[in-house]
Amino acid sequence: MTALQYDPLQIEARWQQLWARERTWEVTNAHDAGGRSSNAYVLEMLPYPSGEPHIGHLKCYALGDAIAHFNRRLGRRVLHPMGYDAFGLPAENHAIKTGVHPRVSTAESIAEFQRQFRSWGVSIDWSRELATSEPSYYRWTQWIFLELFRSGLAYRKDAAVKWCPFDQTVLANEQVDADGRCERCGNLVEVRQLEQWFLRITDYAERLLNDLDAIDWPANVKTMQRNWIGRSEGAEVVFRCDELAIDYPVFTTRPDTLFGATFFVMAPEHPDVMRLVQGTEHEHEVHEYVNVALNETNEERGNADKPKTGVPLGRTVTNPVNGEQIPMYVADYVLMEYGTGAIMAVPAHDERDYAFARAFDLPIRRVIDPAGGSDAADDQPLPYTGDGVLVNCSVEFDGLPNREALGEIVRWLDHEGKGHASVNYKLRDWLVSRQRYWGAPIPILHCDECGLVPVPDDQLPVELPDIDDYTPKGRSPLAAAEDWVNTTCPQCDGPARRETDTMDTFVDSSWYFLRYCDPHNELAAWDPEALREWMPVDQYIGGVEHAILHLMYARFFCKALADLGHLDFEEPFQALFTQGMVTKDGAKMSKSRGNVVSPASIVERVGADAARCYILFVGPPDQDADWSDAGVEGVHRFLSRLWRLAAETAERCGPPSGAPEADTGARGDDLVLLRKAHWATDKVSGDLRRFAFNTAIAAVMELLNDCSRLRDTVDPQMLRFALATAASLLFPFAPHVCADIYERLAGERVWEAPWPNADEELLERDVYELVCQVNGKLRDRVEAASDASEDELKQLCLAAPNVQAHVDGKQIVKEVVVPGKLVNVVVR
RNA sequence: GCGGCGGUGGCGGAAUGGUAGACGCGAGGCCCUCAAAAGGCCUUGUCCGCAAGGGCGUGUGGGUUCGACUCCCACCCGCCGCACCA
């Protein structure tokens, strides 16, 4: 008899062909089929097609596929689509280097992604596949942009923007890292004044913050979003420059310290700085300082440990609470992008203001006393940022606890017209224009007569023209396509020029999950009925690197589109799961390190099932995992053993006549194996619900170990049942081999079989091993009946030989009985 | 500095306050074989002991409890996010 040999490549090819031929994973928008509650939308973040998929993709889609399969087996109709975030800089940079059109290189990459995703056996509804670079998709990206434009949520503004000198493009704040470097190329970013397109996400700051409470996302992602939104409560207080009759509002979270404000500082970027010193003796010095400050990198400027620098403006403003004239300075520790770009400085109660005051020998006045207004106030160290009682303010406020005074002072300011309570956010409006070629053109025309004119909807898409030269020149490469740029204004029929900037690719990916619901609609971005069937996404899966940008933008889009009447929900992703990174030898995989593990080579060697199982078995999926070739081999051995024993058992049992059923009268080893199968069913079901895929796979391993151990002593039909159960439970992780095994053992398609149910009665045993402790230490184990009384358990424990040895000669103080678990005898 | 997460064998990792180390990797021994590969069986936290058994053991120090990897307090270390945000 020839030994049966597990051949993953042959098995996987066979099932993949069947699933492709029968379009097994496609779902329709059948509005009648049980409604939204019996549907599930499982979505992994769409890949950026560059080169070929890496191990991180394998982990993401293995994870999502397990969830998709589990939901299907629970009887839900599952939408599980795939697409490509196909616009973007890497393809364009590649084009600059090689001259290959981004459309061509992107298409090649997409083809490779498709090929590999299919070779992994991921259960995707390929009929809904899309790429954001297709005109049939970006036509609707442009339509959304115009909807935002028409409602005032997209606008053009001259702004100090982050500019990457290498990529020759403007960047969003979010695309500049903490060191002031371009997220993509790592070069230091500069600041330039340019007219750009923005989306008014700041209008949604409060809702983006509050609605986090209602969604099932990881705590750290919510925290990151909250930090990024950066809400602070305080007051806006007006400081007036009487000489020039200009009011300068500032934002402060500490209006209670207003009496301690002894100077006033503006950001170097503040538009009034030069105006304030024009024609004065300070003009030259200020000019020099501002120049230096603006040329500093964010890295240098953002360092909190840096000594404070600045120069006086030679002007004063009036402190509204006490009428004092306080001097104005310009200093780079004040940021233009936060608050109003100017601050009141309270050196006694703010670290930074204190450092500045010491450096410039400015007065420091304590207005809060931690000791409660005692004579010892002056002995307390400064700066003091905690709470206390107001001192040195005015008869009206002195002696009040500062938190109380805060409200009083704001009320007073409001009454006097010198300020009001205010909320400030760190979140900035989203800069979406890019001076690059490979993106969706912004569908706006510039007409000398009519100004900014939206391209009429019936003329969408504004197609990206072919060009020969992608080299960035500080303006969009599209500007060179004269025939394309010059057009006619639809309003006045006069000459008009097309907007030559393209959109940030984050715009493309902010709504793709909507398009999957209705991907072929040529009349609209989507049919609201289709969205009602699937949205919001039940389970979204992706890397934590998108915790802020993509997830915030997508949430913003849904809220804005809901306000415009296009959606009837506001949060796109009901639940989010963030997967951990896959490392090699503890380090991030990268070409420069030379430690990249290619999924294709693994699949070729041990098959997709082993690769997928391993990546989920290695540890909890939300944590980082280190790739180990030996570990993959171990999982491959497990699948081999499973398949071989199943194939042998199938031969022994003859042709299957349907799913095996357990013999309810099983005894001895048959009962042991039957119980193990039900235990595994229970364990895997629970583990799948809590994303504990590693322990779920371990449970199936245990089941197989018992099958192997008992293979010659149990009834072959029981073995058949246990192995079919193992295949059924493992199917979400290793679909091909499990489909193969299930067919051999049950003659049925495992994905059409309902998820198995664990029999409660078989999970309980009539006897169990009672743990016997003395003073909390394990001393013996004895067999106990499940229905034994507490007294009986106590007697059993005391009768255990090794318990007696430890109790002998001592006084029993008490006995703790935990039925089903243990007895603890406390002795003295 | 602030916020979040984590620290368990040689390694990845298991453990609703109740047998610490499931499952896997690695290692050692054995079987099969002319031999190897593949496969199978056994051992594997650590120390003492021939064994039975016992001591120790989840970053450190305290605490709560009959009982703590798990809960509380303080600290050390590591990772991630934010950071001159007024």
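Side chains are part of it too, since the values below use all heavy atoms of this structure and drop only hydrogens, waters and symmetry mates.
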Expected output: side-chain A/Y289 to main-chain A/T309 donor-acceptor under 3.5 Å: yes
When the nearest nucleotide of RNA chain B is assigned to A/T253 and to A/R781 on a heavy-atom basis, which residue is associated with the more 5' position? A/R781
For A/C738, enumerate each residue passing the side-chain contact (heavy atoms from CB on, under 4.5 Å) test, keeping only those at least two apart in sequence or located in another chain. A/A727, A/L730, A/F731, A/A734
N/O donor to acceptor pairs below 3.5 angstrom from side-chain atoms of residues 808-824 of chain A, sequence neighbours left out:
| unit_1 | atom_1 | unit_2 | atom_2 | d |
| --- | --- | --- | --- | --- |
| A/N824 | OD1 | A/N775 | N | 3.4 |
| A/N824 | OD1 | A/G776 | N | 2.9 |

Regarding A/K777, tell me which of base, sugar-phosphate or nothing describes its non-hydrogen contacts under 4.0 Å with the strands shown. sugar-phosphate
Any side-chain heavy atom of A/Y614 sitting closer than 4.5 Å to one from A/D629? no
Those stems involving RNA chain B that have three or more consecutive Watson-Crick or G-U pairs, both distances under 3.5 Å, are B:1-7 with B:76-82, B:10-12 with B:23-25, B:26-31 with B:39-44, B:45-48 with B:53-56, B:59-63 with B:71-75
State which residues pass side-chain contact (heavy atoms from CB on, under 4.5 Å) with A/D622; sequence neighbours excluded, sorted by chain then number. A/F577, A/P620
Check each residue of residues 811-828 of chain A for a non-hydrogen atom within less than 4.0 Å of any atom in RNA chain B, then write out the ones that pass by number, or none. A/K814, A/V816, A/V818, A/K821, A/L822, A/N824, A/V826
If you look at every strand shown and take non-hydrogen atoms under 4.0 Å, does A/R231 touch a base, only sugar-phosphate, or nothing? nothing
Sugar-phosphate only, base, or nothing, as touched by A/N694 at under 4.0 Å among non-hydrogen atoms: sugar-phosphate
Is any side-chain nitrogen or oxygen of A/N424 closer than 4.0 Å to OP1 or OP2 of B/A86? no
Using a heavy-atom cut-off of 4.0 Å across all strands, would you classify A/Q773 as base, sugar-phosphate, or nothing? base
N-glycosidic conformation, B/G81 - syn within 90 degrees of 0, else anti: anti
I'd like to check the ring-ring contact (aromatic ring centres under 6.0 Å, His included) partners of A/F617; sequence neighbours left out, ordered by chain and number. none
Can a side chain N or O of A/R428 be found less than 4.0 Å away from OP1 or OP2 on B/C85? no
By nearest-heavy-atom nucleotide on RNA chain B, the more 5' of A/I697 and A/R352 is A/I697
Which part of the nucleic acid, if any, lies within contact of A/G634, taking any heavy atom under 4.0 Å across all strands shown: a base, the sugar-phosphate backbone alone, or nothing? sugar-phosphate
For A/V334, answer base if it contacts any base atom (sugar-phosphate contacts may also be present), sugar-phosphate if it contacts only those atoms, and nothing otherwise; contact means non-hydrogen atoms under 4.0 Å. base
Between side-chain atoms of residues 635-646 of chain A and protein atoms elsewhere (two or more places apart, or another chain), which donor-acceptor pairs fall under 3.5 Å?
| unit_1 | atom_1 | unit_2 | atom_2 | d |
| --- | --- | --- | --- | --- |
| A/S640 | OG | A/H636 | O | 2.8 |
| A/W643 | NE1 | A/D740 | OD2 | 3.0 |

Within the 4.0 Å heavy-atom criterion, would you say A/R711 contacts the bases, only the backbone, or no part of the nucleic acid? nothing
Which residue pairs pass the salt bridge (charged side-chain N to carboxylate O under 4.0 Å, His left out) test when at least one of the two sits in residues 772-783 of chain A, sequence neighbours left out? none
Just call it for A/S640: base, sugar-phosphate, or nothing, with non-hydrogen atoms closer than 4.0 Å on any strand. nothing
Taking only residues two or more places apart in sequence, or in another chain, which ones meet A/Y425 in a ring-ring contact (aromatic ring centres under 6.0 Å, His included)? none
Give the minimum heavy-atom separation between A/A235 and A/V410, together with the two atoms involved. CB-CG2, 3.9 Å
Across the strands shown, which category fits A/N802 at heavy-atom distances under 4.0 angstrom: base, sugar-phosphate, nothing? sugar-phosphate
Polar atom pairs (N or O), protein with nucleotides 26-28 of chain B, under 3.5 Å:
| unit_1 | atom_1 | unit_2 | atom_2 | d |
| --- | --- | --- | --- | --- |
| B/G26 | OP2 | A/R637 | NH2 | 3.3 |

Below 4.0 Å: OP1/OP2 of B/G40 and any side-chain N or O of A/S708: no
Indicate, with a heavy-atom threshold strictly under 4.0 Å, whether A/H349 touches base, sugar-phosphate, or nothing. nothing
Pairing residues for A/R365 by the side-chain contact (heavy atoms from CB on, under 4.5 Å) criterion, not counting sequence neighbours: A/T262, A/N322, A/E324, A/V367, A/N392
With A/K426, which residues qualify under side-chain contact (heavy atoms from CB on, under 4.5 Å), at least two apart? A/Y338
